[in-house]
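One-based numbering, in listed order, for ligands and for the atoms of each.
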Amino acid sequence: MHHYPDAAAVVRALAPDEPVILNRPLAAARAARFFVEKFPGKSLYAVKANPSPDLLQILWDNGITHYDVASIGEVRMARAALPGATLCFMHPVKTARAISEAYHEHGVRTFSLDTIEELEKIVSATASENGEPAADLRLCVRLRVSSEYAELSLASKFGVDLVDAAPLLQATRQVADWLGLCFHVGSQAMTPFAYVQALERVRAAIADSSVVIDMIDVGGGFPSIYPGMEPPPLEDYFHIIHRHFEALPIAYNAELWCEPGRALCAEYSSLIVRVEKRRGDELYINDGAYGALFDAAHVAWRFPVSALEDDLIEGLDEFSFYGPTCDDADFMKGPFMLPADIQAGDFIEIGMLGAYGAAMKTGFNGFGAAEVVIVQDEPMASLYRGDRIDPRESDNVVSLR
Ligand SMILES: *Cc1c(COP(=O)(O)O)cnc(C)c1O
């Protein structure tokens, strides 16, 4: 893979006709080391945020040993990329064949569930050929929690309701060698209080069921930085989670896990796009809703942008983007702040696309291609550089909105 100092150097060298994904291995390595050193437990990487084998290798090399996979495709891919990794199959609705292949062929022992039916499926799919039940299952019951403090909800889809949790925990304890409780507060949780509320529900579930709990998994949801979304320091999340974990009625040697996706890889990638046409304050660019800008289109996520031309002299103005396909829905409202004199032929770098960005690209309408290169500069924003203004000091709040 080619290396360049930064996006401007890529444009000078390639004048690329198609979008270019810029990867920053050092940013992903730094994020991994941050979680490994500072989270008071084990950090699993949620592979769906960005399944690139290069990224998996970087995370592995920097101490991430456990990976949260959600489909048999992710199990196979992660196992091929990282033969020594511990894979945890954390989707609560799996097929029997997927469970069986994961257990018997890929060494997966940890599975999540949120119903008795899924528990029975796991038990039968992992039994030996003569019907002997597996004695080494590590099972996590997923509890339904509120998403009210997250930008993207994962609350309504999965998780057993608190009122139904006790019988499921008791039944799971009967067959599990090791029993965990997990939840997901939603993605981009903007306050640590999201986890406090969820851990209170965990406490109630444990009290109702009176089972021995070996592990608490607080899931993903750890934020990154985007325009208008400046979260508190991650250390605040870690301290608050640790304090509430320590106060739970669980085994003295119980483990604490988390499953960050976004926070480990958002800073890993940015994207170079070209303006193909301008119509007023709308820029027609060559990536969009069916490409790496899925969230910009579907949930009006605002990503940081920077014009890559040095002959633009006017001040910043608000722009929206159209993507390249023939579909009106290929529209990103923004606003994206760019020099007022930007025009067709100019290149733009769009930052913070390492999570749920590069991973979302499709080939719809023939527009999926993108070259991938490595750059050496800093990401447009970072939670890990140690030079952030403390957002708790109100005078210092940086609001880009
Ligand atoms: C998506 C997902 C994650 C990662 O979420 P982020 O918000 O990216 O941190 C973790 N665990 C599960 C079960 C998920 O579905």
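Salt bridge annotation for D214-R173: present, with a cationic side-chain nitrogen under 4.0 angstrom from a carboxylate oxygen. With salt bridges taken as basic N to acidic carboxylate O contacts below 4.0 Å, none links D346 and R278.
Under a 4.0 Å criterion applied to the non-hydrogen atoms of A46, ligand 1 contributes the atoms 3 (C), 4 (C), 10 (C). Per-residue contacts place R262 under 4.0 angstrom from the following atoms of ligand 1 (heavy atoms of the residue considered): 6 (P), 8 (O), 9 (O). Using a 4.0 Å cut-off to heavy atoms of D68, the atoms of ligand 1 that qualify are 10 (C), 11 (N), 12 (C), 13 (C). Near R142, with a cut-off below 4.0 Å to any heavy atom, the atoms of ligand 1 are 13 (C). Interface atoms of ligand 1 facing S187, defined by a heavy-atom separation under 4.0 Å, are 6 (P), 7 (O), 8 (O). Every atom of ligand 1 is numbered from 1 in the order shown, and the set under 4.0 Å from a heavy atom of P260 is 9 (O).
Shown here is H2, whose NE2 atom has no more than 12 heavy atoms of other residues, nucleotides or ligands within 6.0 Å.
Below 3.5 Å of separation, one finds an N or O of G261 facing an N or O of ligand 1. Considering both main-chain and side-chain atoms, G221 comes within under 3.5 Å of ligand 1 through a nitrogen or oxygen pair.
In this structure, a donor-acceptor pair under 3.5 Å is present between the side chains of R24 and S270. Side chains of Y284 and D330: a donor-acceptor N/O pair is absent below 3.5 angstrom, by distance only. For R274 and N286, the side-chain atoms include no donor-acceptor pair closer than 3.5 Å. A side-chain donor-acceptor contact under 3.5 Å links W257 and E255.
Counting protein heavy atoms only, atom 8 (O) of ligand 1 is closest to Y356 OH, 2.6 Å. The protein atom (non-hydrogen) at minimum distance from atom 5 (O) of ligand 1 is H184 NE2, 2.9 Å.
Both tests do not hold together for R144 against F158: distance to the six-membered ring centre under 6.0 Å, angle to the ring axis within 45°.
Of the candidates M90, E259, K48, H91, it is K48 that places a heavy atom closest to atom 14 (C) of ligand 1.
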